[in-house]
Amino acid sequence: MSSTTSTDPLFEKAYESSSHEDGIYAAWEDSGFFNPDICVEKGVCEKDANPFSMVLPPPNVTGTLHMGHAVMLAVQDVMTRYHRMKGDKTLWLPGTDHAAIATQSKVEKILFDTEGKTRHDLGRVEFLKRVQAFAKSSRDTIVNQSKKMGSSLDWSREAFTLDDERNFAVRTAFKRMYDDGLIYRGHRIVNWDPKMQCNVSNVEIEYKEEQASFYYFQYGPFVIGTARPETKFSDKYVLIHPDDERYKEYSDGDTFTCEWINGPITATIIKDEAVDPEFGSGVMTITPWHSEVDFHLAEKHNLNKEQIIDLNGKLLPVAGEFAGMLISDARKKIVEKLNKKGLLVRIDEEYVHNKATNYRGGGILEPQIREQWFLDVNKEFTLTRSKIDGIASGDMVTLKHIMQHVVRSNQIEIIPSRFTKAYFDWVDNLRDWCLSRQIWYGHQIPVWYKGDDVYCGVNPPKEDGWEQDPDSLDTWFSAGLWTFSTLGWPNEDAIDLQTFHPTNVLETGYDILTFWVIRMVLMGTYHMGEVPFKTVYLHGLVRDEQGRKMSKTLGNVLDPLDMTAKYGTDATRLSLLIGGTPGNDMKLSEAKVAGFRNFTNKLWNISRFVLMNIESPSKDVDIPTPKTLADTWILERLHDVFLSVTKDIEEYRFSAAGETLRDFTWNDLASWYLEIAKIEGNKSQLLNFVLNTVLTLWHPYMPFVTEVIWQKVYGKDEMLMVSKWPEFSFSQKATGFPLLQDVVSGIRSLRASYGISPSKELRVVCVSSDHNDLFTNNTEMVSTLSRLSSFDVVSEKGNVEGMASFVTSGAEVFVDLAAAVDVDKEKTRLEKEISSVAPYITSLEKKLKNEGFLKSAPDAVVLQEQQKLTDAKEKHDKLQTQLSSLM
RNA sequence: GCGCGCCUAGCUCAGUUGGUUAGAGCAUCUCGUUUACACCGAGAGGGUCAGGGGUUCGAAUCCCUUGGCGCGCACCA
């Protein structure tokens with residue numbers, strides 16, 4: 001446990017995340033600085049500062065947060081905190097999504113499991129109350145979890161896709177699109193879920209592979225193949241490819257009569273190229289009411305359409321004796337009957353096909369023709385007001401065209417760029433969007449009927465006698481408005497809307513590109529006349545150690561809250577931010593989180609040590625003038641790190657920025673510089689400056705531990721979260737420092753390979769002609785770090801007999817291992833060194849003799865290679881000399 | 001069927017427009033003087049960059065190809 005001595009400025013020897021995090025988050029919240037207005041008011045950012053805005057992809061109110069949410073929160077919080085510290089007017093806007101079907105089906109399940117009731121038992125009003133209560137409690141959980149992750153979201157602007165403001169936005173949006181003639185009502189084939197009693201859009205289908213029987217039946221002169229005999233009752237069209245030689249005797253339009261399931265039937269032959277002669281028997285019958293492809297074929301050839309299956313998945317009277325049966329029950333019996341009639345030719349049991357299911361709830365989807373509301377994406381209309389480059393106000397456009405245009409013209413950039421292709425694949429093939437859903441939970445369609453009259457309006461018609469359409473809207477309709485419905489729209493004058501729209505970045509998982517991102521582009525460009533965001537950053541999915549999706553049934557779920565409780569939020573965030581690249585899935589293990597917990601503690605202890613060596617810490621300390629080579633070196637490194645971290649964050653390379661920082665913090669700062677500081681002493685100002693800068697750079701990644709340290713040092717009134725991102729310049733170079741590092745490492749390595757105790761002090765002779773001053777000036781540093789009794793710097797090697805040696809660029813180092821030196825071992829060691837340098841020299845020489853290289857390579861590269869060769873040769877010669885002296 | 005991605009150290013992954021003898025973390029092995037830290041320190045071993053071909057002075061990186069894995073879309077009578 002922690003020790004508490006008065007000399008420890010931070011009291012605890014090990015950082016204990018759980019005792020700090022809640023208090024720190026509360027302090028952030030109380031400060032109000034998550035809200036950009038307060039930042040302006042309190043002078044944290046300028047009134048006319050650049051805005052930086054981002055909406056949080058609203059989690060569904062169906063449950064709790066998982067690792068996918070955690071990675072999203074971590075990445076977005078890094079951006080938000082970085083921009084806030086940079087002085088931008090920064091808004092990260094939270095909210096939740098009512099997730100219509102998902103939430104309703106979840107509550108229906110709970111209702112049925114606990115009370116054995118259906119929603120119809122409760123009725124619409126009572127049922128919706130239950131859903132709302134569920135959504136409310138789910139929302140509370142989500143908010144608390146988001147806070148636990150340290151998310152600096154502006155809770156004062158929190159929105160819900162189904163609250164009053166968003167409902168008003170939805171009605172307004174629907175009305176505008178209706179008036180533009182883009183929303184229409186019509187009979188189309190939809191994906192009907194008999195279980196949910198609702199249709200779903202194409203993107204909501206989840207295909208599941210299934211092995212099933214594929215039946216071949218005699219159908220007049222033909223053999224037809226089908227996996228679905230139960231739909232075949234009224235099939236009376238036979239389709240054949242026009243070029244199929246096997247059936248060339250038949251012509252388009254020919255009819256014949258044959259025996260079928262419930263007696264004789266008259267069928268018509270249709271020739272169409274849609275038929276694949278290779279599949280099955282090359283002959284097919286069609287069922288326009290229950291197949292999208294068949295529906296379009298029927299439309300094309302103007303064929304009759306007849307419903308066979310009702311909305312509950314039961315057969316209709318057309319099925320005769322099978323009427324009223326469920327599909328699953330009827331199928332076998334129908335096959336049996338056809339078999340008895342001698343019409344069953346054979347059954348292929350190995351048939352594998354994709355079964356369409358509802359990805360929310362898993363019901364098996366049955367295509368049905370229904371009257372629904374659609375959004376026409378191919379219809380031309382006049383875009384009244386446009387701020388989009390390349391599309392002027394008043395231009396005739398289609399929604400699809402705008403969606404293609406804004407990405408093609410780079411007004412929206414997708415990161416990683418390969419997803420641009422997925423975007424176009426989807427947009428180019430976009431079909432009309434079915435907007436209506438036959439569920440209760442959601443935005444009710446703002447359309448009213450009276451007799452044959454239809455009224456669409458933001459508000460109900462004033463007169464009596466109108467009845468509202470009972471259907472609700474696809475949840476993605478309201479989600480599509482999210483970037484602007486959360487900023488005050490449809491009030492065009494809303495200050496938030498004018499300040500923060502378009503948003504800068506939309507950060508989300510790549511799996512949501514087609515569902516949501518595309519809908520926001522559609523809605524944003526149409527309603528706002530501008531892109532909803534300038535950049536789309538897509539992160540990968542979080543998987544388990546074996547690369548499997550995390551799921552409750554597999555029991556491989558890592559709960560972010562378990563991780564934060566055990567290892568701290570900072571460690572959890574780091575494990576999600578470092579070690580992956582955008583758009584690629586990452587495997588997460590508990591060991592990885594634990595590793596970053598260790599780093600969190602390292603930073604904590606670095607700070608503890610540094611603070612013991614600062615006289616009176618100041619948060620505003622200026623960059624000091626370096627007094628030693630090491631000082632120059634650490635400032636040079638710090639400056640490089642600051643530049644590259646800043647650039648990496650700006651360019652969305654979050655992992656790279658984190659790795660650079662970790663490498664600097666652990667290796668350069670802790671392992672080298674702090675050890676030197678112990679020797680050189682008297683570095684108050686420099687250590688103060690380095691500590692401040694390091695804590696600041698780390699803050700977006702590890703907000704808690706950095707803030708805890710900051711406030712312990714500078715008081716509760718100071719807040720790192722709103723301190724300024726570093727801005728300093730440093731142009732000095734610590735040229736010789738890496739050479740000193742090489743010498744120290746070389747001595748340590750020799751010591752280890754000879755098994756000499758670290759406590760044994762050694763005598764070293766350093767032969768250098770060019771770097772005498774460097775070594776002389778740093779004798780104490782080298783001696784202490786390598787544990788030497790003497791470090792003699794000479795330009796000519798004297799008597800070094802019996803000493804082990806190594807070569808580094810610029811110096812030959814001889815280490816007196818006293819009696820420990822084993823001549824044979826030393827020879828072997830040097831020979832091994834030589835044998836690794838020799839082929840290197842050969843390859844460099846070959847390269848430098850190659851005329852093609854000399855002619856084509858840039859001068860800088862050639863010079864670089866020449867230098868390498870010179871160095872390698874020098875090293876080789878010295879090693880050779882050392883070796884021969886042992887002979 | 002079309003498209004996309006991946007294959008780099010035992011494991012998890014970096015490697016930006018081609019230009020150090022290909023890197024990191026974890027794991028492994030050896031040794032632990034030094035009170036910031038054993039959630040630590042020092043050192044070490046470990047890779048034909050999936051296979052084959054090509055372009056180039058030069059390829060982990062670009063092109064073609066084969067194989068394995070994953071994903072998306074389409075088909076699914």
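What you see is a predicted model; the values in this text were computed from it and never measured. Lettering follows sequence order; numbering is per chain, from 1.
Ring orientation note: the planes of A:H20 and A:Y15 are close to parallel, at an angle under 30° on the 30°/60° scale.
Using a 4.0 Å heavy-atom distance criterion, A:V293 is classed as a sugar-phosphate-only contact. Across all strands, A:R748 comes closer than 4.0 Å only to sugar-phosphate atoms, never to a base (heavy-atom distances). Backbone-only engagement by A:S749 is indicated by non-hydrogen atom pairs under 4.0 Å involving sugar-phosphate atoms exclusively. Looking at heavy-atom distances under 4.0 Å, A:I606 makes contact with a base. Across all strands shown, A:N429 has no heavy atoms under 4.0 Å from either base or sugar-phosphate atoms. Counting non-hydrogen atoms under 4.0 angstrom, A:S291 reaches nothing in the nucleic acid. As judged by a 4.0 angstrom heavy-atom cut-off over every strand, A:P839 is placed among residues making no nucleic acid contact. Within 4.0 Å of A:E675, counting heavy atoms only, lies at least one base atom of the nucleic acid. Base contact: A:A670 has a heavy atom under 4.0 Å from a base atom. Residue-level contact check: A:Y567 touches neither bases nor backbone, having no heavy atom under 4.0 Å from any strand. A:R662 comes within 4.0 angstrom of sugar-phosphate atoms only, judged by non-hydrogen atoms across all strands, and of no base. Among the atoms of the strands shown, none is found under 4.0 Å from any heavy atom of A:A591. When heavy atoms are screened at a 4.0 angstrom cut-off, A:G579 is found touching the sugar-phosphate backbone but no base atom. At the heavy-atom level, A:N850 lies under 4.0 Å from the strands shown only through sugar-phosphate atoms.
Searching all strands for a Watson-Crick or G-U wobble partner of B:G32 with both distances below 3.5 Å returns B:C40. Of all nucleotides present, only B:G3 satisfies the Watson-Crick or G-U wobble test against B:C71, with each distance under 3.5 Å. Checking B:U61 for Watson-Crick or G-U wobble geometry (two distances, each under 3.5 Å) identifies no partner in any strand. Nucleotide B:G10 is matched to B:C26 when pairs are restricted to Watson-Crick or G-U wobble geometry with both distances under 3.5 angstrom. Figure legend. B:G46 is base-paired to no nucleotide; pairs are counted as Watson-Crick or G-U wobble with both atom distances under 3.5 Å.
Of the candidate nucleotides B:U21, B:C39, B:C57, B:C39 has the atom nearest to the side chain of A:R597. Among the nucleotides B:U16, B:G19, B:A74, the one closest to any side-chain atom of A:R653 is B:U16. Relative to the side chain of A:K868, the nucleotides B:C75, B:C57, B:U21 differ in distance, and B:U21 lies closest. Picking from B:A38, B:A77, B:U20 the nucleotide with the shortest atom distance to the side chain of A:K13 gives B:A38. Nearest to the side chain of A:P758, among B:C4, B:A77, B:U33, sits B:U33. Nearest nucleotide to the side chain of A:N354, out of B:C75, B:C39, B:A36: B:C75. Taking the side chain of A:F853 as heavy atoms from C-beta on, and the options B:G19, B:C39, B:A77, the nearest nucleotide is B:G19.
Across the C1' atoms, B:C29 and B:G46 are found 11 Å apart, a figure rounded to whole Å. B:G25 and B:A14 are spaced 16 Å apart, taking the P atom of each and rounding to whole Å. Separation of the C1' atoms belonging to B:C64 and B:U55 is 10 Å when rounded to the nearest angstrom. Look at the C1' atom in both B:G58 and B:A74: the space between them is 43 Å, to the nearest Å. Taking the C1' atom of each, B:C75 and B:A22 are spaced 44 Å apart, rounded to whole Å. Taking atom C1' on both B:A50 and B:A60, the two are 12 Å apart, rounded to the nearest angstrom. Look at the P atom in both B:G43 and B:G5: the space between them is 41 Å, to the nearest Å.
Summarising the geometry, the separation between CG on A:L303 and C1' on B:A77 is reported as 14 Å, rounded to the nearest angstrom. As a whole-Å value, the separation of A:Y510 OH from B:C6 C1' is 11 Å. When rounded to the nearest whole Å, the span between CG of A:D585 and P of B:C4 equals 18 Å. Distance CG (A:L574) to P (B:C13): 18 Å, rounded to an integer number of Å. Atom CH2 in A:W672 sits about 18 Å away from atom P in B:A36, given to the nearest Å. To the nearest angstrom, P of B:C75 lies 14 Å from CG of A:D425. In this structure, the CD atom of A:E651 is 14 Å from the P atom of B:U16, given to the nearest Å. One can place CG of A:L588 at 18 Å from P of B:C11, the figure rounded to the nearest angstrom.
Taking the six-membered ring for Trp and the full ring otherwise, the centers of A:F214 and A:H353 sit at least 6.0 Å from each other. The ring of A:Y701 has its center no closer than 6.0 angstrom to the ring center of A:F599.
For the OP1/OP2 pair of B:A14 and a distance below 4.0 Å, the side-chain nitrogens and oxygens of A:T581 include at least one atom meeting the criterion. Checking the phosphate oxygens (OP1, OP2) of B:C40, a side-chain nitrogen or oxygen of A:N598 falls inside 4.0 Å. The phosphate of B:G41 has OP1 or OP2 within less than 4.0 Å of a side-chain N or O from A:K602. Regarding contacts with the backbone of B:U12, every side-chain N or O of A:K592 stays at 4.0 angstrom or more from both OP1 and OP2. Distances shorter than 4.0 Å separate some side-chain N or O of A:K678 from OP1 or OP2 on B:A36. Regarding contacts with the backbone of B:C40, every side-chain N or O of A:W666 stays at 4.0 angstrom or more from both OP1 and OP2. Listed pair A:S607 / B:A36 fails the phosphate criterion, with no side-chain N or O lying under 4.0 Å from OP1 or OP2. The side chain of A:S671 contributes an N or O atom lying less than 4.0 Å from OP1 or OP2 of B:A42.
No more than 12 heavy atoms of other residues, nucleotides or ligands lie within 6.0 Å of CG in A:D859, so this atom counts as exposed by the packing criterion. Other residues, nucleotides and ligands contribute at most 12 non-hydrogen atoms within 6.0 Å of the NZ atom of A:K647.
The cationic atom of A:K271 (NZ for Lys, CZ for Arg) does not lie both less than 6.0 Å from the six-membered ring centre of A:Y247 and within 45° of the ring axis. For the pair A:R748 and A:W672, the cation-pi criterion (under 6.0 Å, within 45° of the ring axis) is fulfilled.
Interatomic distance, OG1 of A:T285 versus CG of A:L239, reported as 8.5 Å (0.5 Å rounding).
A donor and an acceptor atom never sit less than 3.5 Å apart when one is taken from the side chain of A:R418 and the other from the base of B:C4.
Under the 3.5 Å distance criterion, with hydrogens and angles disregarded, a donor-acceptor pair is assigned to the side chains of A:W698 and A:T665.
In terms of position on RNA chain B, the residue among A:L674 and A:M284 whose nearest nucleotide sits closer to the 5' end is A:L674. Between A:K587 and A:G852, it is A:K587 whose nearest contact on RNA chain B lies nearer the 5' terminus.
The side-chain heavy atoms of A:F654 and A:L576, taken from C-beta on, include no pair separated by under 4.5 Å.
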